[in-house]
Amino acid sequence: MEIKLVKSRQFVIKPTAPYNFDATLFKPSHYPDPLKVYEPGKYWFAMRFEDKIFGVKLVNCGSIDDPKVNLKLFYKERLSSQKLKSLLDELKFRCEFDVDLSEFYDKFANDRVLSPFLRRWRGMHESHTLDLYGLLMICIFLQNTVIRRTVQMTRAMLEKYGTLVKFDGREVFVFWTPEQLAKVSEEELRKLKVGYRAKLFIKSSRSWIAERINEFELRKLQTNEARKRLLRIYGVGPETARILLTEGLGKYDIFDHVAPWQQKILSRLLFNKPLVPASKIIEYANKRWDKWVALAVHYIWEDIFWRHARGEKIEWLDKEIRL
DNA sequence: CATCAGGGCCCTG
DNA sequence: CAGGGCCCTGAT
């Protein structure tokens, strides 16, 4: 399916400083997907909100310490002013426009490990431009495979079940809904060469509905409570739960799982050693960065991927990052 | 040509 | 609580 959004309205947002537009919205550690378009200082994506689809174009027109974002909203039908306000609030959450990081910066300004990263990426936040269900789909695409295949499966599924949204001369997909996918047969999905994940997509969508997962409610819960709810979804284990909590729900106080490939990279970055036990890494990071642990690790993590993306040669890294 | 591991999870014993 | 199996594909 595809839709074209022509009508638009513009807004000027003043995020809480410091706000690093590019580092917040674009994450070089993520695999390439057709869900967004990024250019330096510009970001396009589409979203579902209250059963309607919107196109969003963000343009940076400020600086890290005096941030200003031009937000252009593309839509089909005019919104009531009340709906519009809740949509803008949602975008505020998704882009972390109003999340104040000053405590984080005060606390770790002199942290021997973290401070160089804080200087380099000042104003970087997590961002959550996908909704929680979409992020779950991404996590399933990532499970137990190589990136190349993840990219192929994502495209195949989006072309068949997603919606292509055209606006501002760009095209991005939005995900299907859990209700849509819950009705699809396993054989039909398997034709798209997603393998055993066919069952996962269907069962996780069904349990998403059965568990009445509501991301707005989950955001309000304590991290551990939200985690318990998420783990009840079929196909969600410790790693997916961690990703959903940090990248989906904006929780920064969790870092409880390190996959083997992440372990290799973090061993180098934190201990300058080829391999440190995962439990050591987790303990070290939590003790040191406490309730900001996920954000702290995120700074260190994204830094190496930015350097990689910019073509910097880091010998030991190349074999760990496979695209 | 065959074998295998890969950015987890479920299920079983 | 450890470990096998899962789809498919490119790399070896």
Side-chain angles (χ1 to χ4, degrees), chain A residues 26-33 35 126 130 132-161 178 181 184-208 210-211 213 227-248 254-270 274-279 281-282 285 294 297-298 300-306 308-309 314 316-323:
Chain A
F26 181 67
K27 304 299 183 186
S29 74
H30 291 182
Y31 74 86
D33 61 49
L35 297 159
E126 273 284 4
L130 285 176
L132 199 62
Y133 175 77
L135 190 56
L136 170 61
M137 297 297 107
I138 295 280
C139 291
I140 295 176
F141 285 124
L142 280 166
Q143 285 178 19
N144 194 30
T145 190
V146 289
I147 293 303
R148 186 191 296 273
R149 207 173 151 225
T150 296
V151 171
Q152 283 169 357
M153 291 188 288
T154 306
R155 182 160 278 287
M157 290 268 294
L158 281 170
E159 279 171 359
K160 177 131 192 192
Y161 303 108
L181 208 67
V184 175
S185 75
E186 191 176 330
E187 303 76 64
E188 191 178 308
L189 280 186
R190 275 188 183 258
K191 284 186 195 140
L192 301 179
K193 302 189 186 299
V194 299
Y196 71 86
R197 290 173 198 76
K199 191 177 84 176
L200 268 178
F201 285 120
I202 295 165
K203 287 191 84 168
S204 65
S205 296
R206 288 184 182 157
S207 78
W208 183 279
E211 294 288 333
I213 298 297
R227 182 168 184 274
K228 278 186 216 154
R229 294 290 311 277
L230 292 171
L231 286 172
R232 292 172 58 179
I233 302 168
Y234 187 91
V236 174
E239 174 65 357
T240 301
R242 187 191 62 77
I243 294 172
L244 293 176
L245 287 165
T246 55
E247 296 185 25
I254 179 167
F255 180 64
D256 63 337
H257 188 263
V258 180
W261 73 285
Q262 300 163 333
Q263 182 190 355
K264 291 180 207 159
I265 296 176
L266 289 173
S267 296
R268 297 275 188 174
L269 294 176
L270 295 176
L275 202 61
V276 174
S279 57
I281 297 174
I282 291 167
V297 173
H298 183 65
I300 295 166
W301 187 253
E302 290 301 320
D303 178 73
I304 199 81
F305 281 87
W306 272 109
H308 180 76
I314 307 157
W316 60 267
L317 186 68
D318 288 342
K319 65 173 186 300
E320 312 298 354
I321 301 178
R322 297 161 300 273
L323 286 180

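- A residue-by-residue look at Gln152(A) and Gly195(A) shows that Gly195(A) has its nearest nucleotide of DNA chain C further toward the 5' end.
- The distance from atom CD1 of Ile233(A) to atom P of dG8(B) is 18 Å, rounded to the nearest whole Å.
- Taking CD of Glu126(A) as the start and CD of Glu247(A) as the end, the distance is 5.0 Å to the nearest 0.5 Å.
- Thr145(A) has no side-chain polar atom (N or O) that falls below the 4.0 Å cut-off from OP1 or OP2 of dA5(B).
- For Gln143(A), the side-chain atoms get nearest to dC9(B) when compared with the rest of dT9(C), dC9(B), dC11(B).
- As a whole-Å value, the separation of Leu200(A) CG from dC10(B) C1' is 9 Å.
- Ring geometry for Phe305(A) versus Trp301(A): interplanar angle of 30 to 60°, hence tilted.
- When heavy atoms are screened at a 4.0 angstrom cut-off, Thr150(A) is found touching no nucleic acid atom at all.
- A salt bridge is absent between Asp33(A) and Arg155(A): the closest approach of a Lys/Arg side-chain nitrogen to an acidic carboxylate oxygen does not fall below 4.0 angstrom.
- The distance between atom CZ of Phe201(A) and atom P of dC8(C), rounded to the nearest whole Å, is 13 Å.
- Taking atom P in both dC7(C) and dT12(B), one finds a spacing of 15 Å when rounded to whole Å.
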TODO: Verify salt bridge (charged side-chain N to carboxylate O under 4.0 Å, His left out) between Arg190(A) and Glu187(A), making sure each step is shown before the conclusion.
DONE: CA-CA 5 Å; Arg190(A) 275 188 183 258; Glu187(A) 303 76 64; over 6 Å; no

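- At whole-Å resolution of the value, CG in Asn144(A) and C1' in dT9(C) are 12 Å apart.
- Rounded to a whole Å, the CD1 atom of Ile147(A) is 9 Å from the C1' atom of dG6(B).
- Using a 4.0 Å heavy-atom cutoff across all strands shown, Pro238(A) reaches sugar-phosphate atoms only and no base atom.
- Considering only the side chain of Tyr196(A), dC7(C) comes nearest among dC9(B), dG10(C), dC7(C).
- Whole-Å rounding puts the Glu186(A) CD to dC6(C) P distance at 13 Å.
- One can place CD of Glu187(A) at 15 Å from C1' of dC7(C), the figure rounded to the nearest angstrom.
- Summary of the strand contacts: Tyr234(A) and Gln262(A) both lie near DNA chain B, and taking for each the nucleotide with the nearest heavy atom, the more 5' one is attributed to Gln262(A).
- Residue Lys27(A) places its NZ atom among more than 12 non-hydrogen atoms of other residues, nucleotides or ligands, all under 6.0 Å distant.
- Evaluation of atom-type donor-acceptor distances gives no pair under 3.5 Å for the side chain of Arg197(A) against the base of dC6(C).
- Checking dT9(C), dC11(B), dG6(B) against the side-chain heavy atoms of Lys203(A) singles out dC11(B) as nearest.
- Side chain of Lys193(A), nearest nucleotide from dA11(C), dC8(C), dC9(B): dC8(C).
- Taking 4.0 Å as the cut-off between side-chain N and carboxylate O, Lys199(A) and Glu186(A) do not count as a salt-bridged pair.
- Between Leu231(A) atom CG and dG8(B) atom C1' there is a gap of 13 Å when expressed in whole angstrom units.
- Residue-level contact check: Ser204(A) touches neither bases nor backbone, having no heavy atom under 4.0 Å from any strand.
- Nucleotide dA2(B): paired with dT12(C) (Watson-Crick or G-U wobble, both distances less than 3.5 Å).
- Minimum atom distance to the side chain of Glu239(A) is reached by dG8(B), of the listed dG8(B), dC11(B), dC7(C).
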